[in-house]
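Sequential numbering from 1 along the given sequence is applied to the chain's residues. Since we're looking at a predicted model, the values are computed, not measured. Computed over heavy atoms, backbone and side chain alike; hydrogens, waters and symmetry mates excluded.
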Amino acid sequence: QLQASGGGLVQAGGSLRLACAASGRTFSSYRMGWFRQAPGKERESVAAIGWRGGSTAYADSVKGRFTISRDNAKNTVYLQMNSLKPEDTAVYYCAASPASWAFHATDFDSWGQGTLVTVSS
């Protein structure tokens, strides 16, 4: 089970940190990802991280602004979002994949509920 939190309303240029707590599985064995879905748009990949904290991948639209990290001792993956833009407004989801490498949503088989991020201009 995955539980995402940390969303909210922030002004453009601001920061937020999302967290996704996992339970009921061996968290450290799974690759974790963050995804987002804006109104009227398809879900898109944002970032992913390997089970040891390496093998990170980012969407071009967030490179240099977002950072994914994980704390296996706390069974939690984070998404630090800086320099937020109005186009970052979306529901953000976390997901887990048993694959050693995964970035696209179809490679992830366990999903949490989303947390809404709204960036005002």
Side-chain angles (χ1 to χ4, degrees):
Q1 185 175 4
L2 302 173
Q3 182 79 28
S5 62
L9 173 64
V10 63
Q11 288 188 333
S15 298
L16 280 176
R17 188 174 81 154
L18 306 183
C20 175
S23 62
R25 60 171 59 208
T26 308
F27 176 77
S28 60
S29 297
Y30 287 81
R31 183 171 178 83
M32 300 298 295
W34 284 99
F35 302 81
R36 67 186 182 186
Q37 188 166 18
K41 295 187 177 181
E42 294 187 353
R43 188 171 299 188
E44 63 174 345
S45 304
V46 175
I49 188 168
W51 61 278
R52 286 184 173 179
S55 300
T56 56
Y58 295 92
D60 288 343
S61 58
V62 307
K63 281 181 181 177
R65 301 188 298 121
F66 291 11
T67 302
I68 189 171
S69 62
R70 66 190 295 164
D71 185 339
N72 288 342
K74 295 182 178 180
N75 283 4
T76 303
V77 61
Y78 303 96
L79 185 68
Q80 177 67 43
M81 305 186 294
N82 299 329
S83 302
L84 282 162
K85 305 175 181 180
E87 51 263 44
D88 295 318
T89 295
V91 177
Y92 284 71
Y93 301 87
C94 61
S97 172
S100 58
W101 172 263
F103 187 63
H104 299 293
T106 52
D107 296 323
F108 289 77
D109 60 2
S110 295
W111 293 80
Q113 94 297 346
T115 185
L116 176 63
V117 172
T118 304
V119 184
S120 63
S121 57

Between N72 and W51, is there a donor-acceptor pair closer than 3.5 Å when you use the side chain of the first and the backbone of the second? yes
Would you compute the distance between atom OG1 of T67 and atom CZ of R17 and round it to the nearest 0.5 angstrom? 11.5 Å
If you compare all heavy atoms of L84 against all heavy atoms of L16, which two are closest, and at what distance to 0.1 Å? CD1-N, 3.9 Å
Between Q113 (side chain) and A4 (backbone), is there a donor-acceptor pair under 3.5 Å? yes
Y30 side chain near S97 side chain, heavy-atom distance below 4.5 Å: no
Would you say the side-chain atoms of R31 pair up with the backbone N or O of S55, donor to acceptor, closer than 3.5 Å? yes
Donor-acceptor pair, side chain of S110 and main chain of A96, under 3.5 angstrom: no
Could you give me the CA-CA distance, side-chain angles and deciding distance for K85 and D88, then say whether salt bridge (Lys or Arg N to Asp or Glu O under 4.0 Å) is met? CA-CA 5 Å; K85 305 175 181 180; D88 295 318; over 6 Å; no
same_hphob_cluster(I49, Y78) at 4.5 Å side-chain heavy-atom cutoff: no
Could you measure the distance from the OG atom of S29 to the CZ atom of R52? Nearest 0.5 Å is fine. 11.0 Å
Could I get the full list of side chain to side chain donor-acceptor pair (under 3.5 Å) partners for S15, not counting sequence neighbours? N82
Rounded to the nearest 0.5 Å, the OG atom of S28 sits from the CG atom of D71 at a distance of 11.0 Å
E44: side chain to side chain donor-acceptor pair (under 3.5 Å) partners, not counting sequence neighbours: R36
If you round to the nearest 0.5 Å, how far is OG1 of T56 from CZ of R70? 12.0 Å
For Y58 and A47, work out which heavy atoms get closest and say how close. CD2-CB, 3.6 Å
Same cluster or not: are F103 and V62 linked, directly or through other Ile, Leu, Val, Met, Phe, Trp or Tyr residues, by side-chain heavy atoms under 4.5 angstrom apart? no
Start with the C-alpha distance between M81 and V117, add both sets of side-chain angles, then the distance that settles side chain to side chain contact (heavy atoms under 4.5 Å, CB included), and finish with yes or no. CA-CA 10 Å; M81 305 186 294; V117 172; 3.8 Å; yes
What closest approach, in Å, do P86 and A12 show between heavy atoms, and which atom pair accounts for it? CD-CB, 4.1 Å
Provide the closest heavy-atom pair for A102 versus D107 in the form atom of the first, atom of the second, distance. CB-CB, 3.5 Å
Relative to the ring of F108, is the ring of F35 parallel (under 30°), tilted (30 to 60°) or perpendicular (over 60°)? perpendicular
Same cluster (ILVMFWY, side-chain, under 4.5 Å), I68 and V91: no
Pair F66 and W34, ring centroids less than 6.0 Å apart: no
Minimum heavy-atom distance between W111 and A105, given as atom pair plus value: CZ2-O, 3.6 Å
Is it the case that the side chain of T76 and the backbone of A21 share a donor-acceptor pair, with hydrogens and angles ignored and the cut-off at 3.5 Å? no
Side-chain heavy atoms under 4.5 angstrom apart, residues restricted to Ile, Leu, Val, Met, Phe, Trp, Tyr: same cluster for V10 and L79? yes
For the hydrophobic clusters of this structure (ILVMFWY residues joined by side-chain heavy atoms under 4.5 Å, transitively), does one cluster hold both L2 and Y93? no
